2 protein chains.
Amino acid sequence: MNGPDRTVVEICSALGDDTRWAILRRLEAGAASASALAEGLPVTRQAISRHLEILRGAGLVERERHGRELRYRAVGTRLGAAANQLGLMAAAWDRRLERLRERATSGTEPGEPG
Amino acid sequence: MNGPDRTVVEICSALGDDTRWAILRRLEAGAASASALAEGLPVTRQAISRHLEILRGAGLVERERHGRELRYRAVGTRLGAAANQLGLMAAAWDRRLERLRERATSGTEPGEPG
DNA sequence: CTTTAGTGCAACCATCTCGTTGCACTTCGC
DNA sequence: GCGAAGTGCAACGAGATGGTTGCACTAAAG
C-alpha cells in the first residue's frame with residue numbers, strides 16, 4: 001500500500017466536484033449526450049462537455065458516436081479498482097491503529113515508534 | 001446508489017491532491033506532528049497544517065495533544081466506508097452495462113431508453 | 001440547399017486553491 | 001525569566017478551476 005496509483009488520484013480529483021457527481025447520477029439512469037445533460041443541469045453545455053472530458057480522462061466515463069451525437073455512459077471498471085485500493089488502504093490504517101492499542105495494553109507504553 | 005454522501009465528495013476532494021497523499025503516506029509509517037512532517041516534504045509547516053485540517057475535516061486523520069505538539073494519525077473508518085460506497089457504485093454501473101448488452105443480443109436493438 | 005441540432009475551440013472572468021511570509025501565542029527546558 | 005520548539009492566524013500572490021459567451025464546423029432533416 002505504498003504508491004497511490006496516479007489513476008486513483010485522478011479519479012478522486014474527478015469525484016471531488018459536485019457538478020460531476022450530478023452528471024454521473026444522470027448517467028446512471030442511462031447514456032446521454034452533453035447537450036442532453038445540459039437541459040436539467042444549471043450549467044451550460046460547454047461546461048458539461050469539459051466535465052465529461054475530465055471524467056473520461058479518469059476512466060469513469062466512455063463515449064460513443066451515435067449519429068451526430070456523442071453519447072456518454074458511466075463505466076465502473078476503473079472506479080471499482082480504485083475503490084478496492086482505497087479499501088485496502090483503510091484496512092491497513094485501522095490495522096496499524098489496532099496493533100498500537102495491543103502494544104499499549106500489553107505493557108510497553110506508547111512512544112509512537114516512527 | 002443515489003445521493004453520494006457529502007462525506008464521500010469531501011473525501012474524494014481531500015484525496016485529489018498530491019501533497020495530501022504524500023502526507024498520508026508519511027502517516028502510514030506512524031503518527032507525526034505538522035512540524036515533523038514539514039521536514040521531509042517540500043512545503044512549509046503552515047501549508048502542511050492546512051492540509052491536515054482538510055484531511056481531518058474529511059475524517060481521514062485524527063489528532064491528539066502530546067505535550068506541546070499535536071500528533072496526527074491516519075484513521076481508516078471513514079475511508080473504508082467511502083471505498084465501500086464507491087465500490088457499490090462501480091458495480092451498479094457495470095451491471096447496467098451488462099444488462100444493456102444482454103438486451104442487445106436478445107433481439108431488441110438498443111435505443112438507450114433512458 | 002437551407003435549417004437546425006450537436007460539437008469543438010478560444011477568449012475571458014471570478015473564485016478557489018496551494019503555497020508563501022510574517023507575526024503573535026503557548027509550552028517545554030535550561 | 002528566557003530561549004527555542006510547536007502552533008495558529010492573516011495577508012498576499014500565482015496558478016488552477018469552473019463557469020460564461022461567441023463563433024465556426026459537421027451532419028441529420030426538411
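If you're wondering where the values come from, they're calculated on a predicted model, not measured in any experiment. Naming: A, B, ... by sequence-line order, numbering from 1 per chain. Computed over heavy atoms, backbone and side chain alike; hydrogens, waters and symmetry mates excluded.
- Atom C1' of nucleotide C:dT7 and atom CZ of A:Arg63 are separated by 10 Å, given to the nearest angstrom.
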Quick one: which protein N/O atoms are closer than 3.5 Å to N/O atoms of nucleotides 25-28 of chain C? Pair and distance per line, please.
from: C:dT27; atom 1: O2; to: B:Arg68; atom 2: NH1; distance (Å): 3.2
from: C:dC28; atom 1: O2; to: B:Arg68; atom 2: NH1; distance (Å): 3.4

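- Across the protein-nucleic acid pair, A:His66 atom NE2 and C:dT7 atom C1' stand 17 Å apart, rounded to whole Å.
- Rounded to whole angstrom, the span from the OH atom of A:Tyr72 across to the C1' atom of C:dG6 amounts to 11 Å.
- As rounded to whole Å, 13 Å separates atom C1' of D:dT7 from atom CZ of B:Arg56.
- Axis angle between the ends of the helix from C:dC1-D:dG30 to C:dC30-D:dG1, five pairs each and rounded to 10 degrees, works out to 20°.
- Of all non-hydrogen atoms in A:Leu24 and A:Leu15, the two that sit nearest each other are CD1-CD2, 3.6 Å.
- Backbone-only engagement by A:Ala34 is indicated by non-hydrogen atom pairs under 4.0 Å involving sugar-phosphate atoms exclusively.
- Within the 4.5 Å cutoff, side-chain heavy atoms of B:Ile11 are placed close to those of B:Arg78.
- At least one donor-acceptor pair under 3.5 Å links the side chain of B:Arg26 to the backbone N or O of B:Gly40.
- A:Leu52 and A:Trp21 end up in the same hydrophobic cluster when Ile, Leu, Val, Met, Phe, Trp and Tyr side chains are linked at under 4.5 Å.
- In this structure, CD1 of B:Ile48 is placed 15 Å from C1' of D:dG8, rounded to the nearest angstrom.
- With sequence neighbours left out, B:Glu53 forms a side chain to side chain contact (heavy atoms under 4.5 Å, CB included) with B:Arg56, B:Arg63, B:Tyr72.
- Residues that satisfy the side chain to side chain donor-acceptor pair (under 3.5 Å) test with A:Asp18, not counting sequence neighbours, are B:Arg6.
- Rounded to an integer number of Å, the gap from CG of B:Leu41 to P of C:dT20 is 11 Å.
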What N/O pairs connect the protein and nucleotides 18-20 of chain D at under 3.5 Å? Give each pair on its own line.
from: D:dG18; atom 1: OP1; to: A:Asp17; atom 2: OD1; distance (Å): 3.4
from: D:dG18; atom 1: OP1; to: A:Arg20; atom 2: NH2; distance (Å): 3.2
from: D:dG19; atom 1: OP1; to: A:Thr19; atom 2: OG1; distance (Å): 2.8
from: D:dG19; atom 1: OP2; to: A:His51; atom 2: NE2; distance (Å): 2.1
from: D:dT20; atom 1: OP1; to: A:Thr44; atom 2: N; distance (Å): 3.4
from: D:dT20; atom 1: OP2; to: A:Thr44; atom 2: N; distance (Å): 2.7
from: D:dT20; atom 1: OP2; to: A:Thr44; atom 2: OG1; distance (Å): 2.5

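- Between B:Ala38 and B:Ile48, the shortest heavy-atom contact is CA-CD1, 3.4 Å.
- The side-chain hydrogen bond (donor to acceptor under 3.5 Å, both in side chains) contacts involving residues 41-52 of chain B comprise B:Arg20-B:His51, where partners must be two or more places apart or lie in separate chains.
- Residues B:Leu60 and B:Val75 do not share a hydrophobic cluster, defined by chaining ILVMFWY side chains whose heavy atoms lie under 4.5 Å apart.
- Nucleotide D:dA5 holds its P atom 13 Å from the CD atom of B:Glu69, rounded to whole Å.
- Side-chain contact between B:Leu86 and B:Val8 is present, with at least one heavy-atom pair separated by less than 4.5 Å.
- Regarding B:Leu15, its CG atom lies at a distance of 12 Å from the P atom of C:dC18, rounded to whole Å.
- With contacts defined as side-chain heavy-atom distances shorter than 4.5 Å, the pair B:Arg73/B:Val61 does not qualify.
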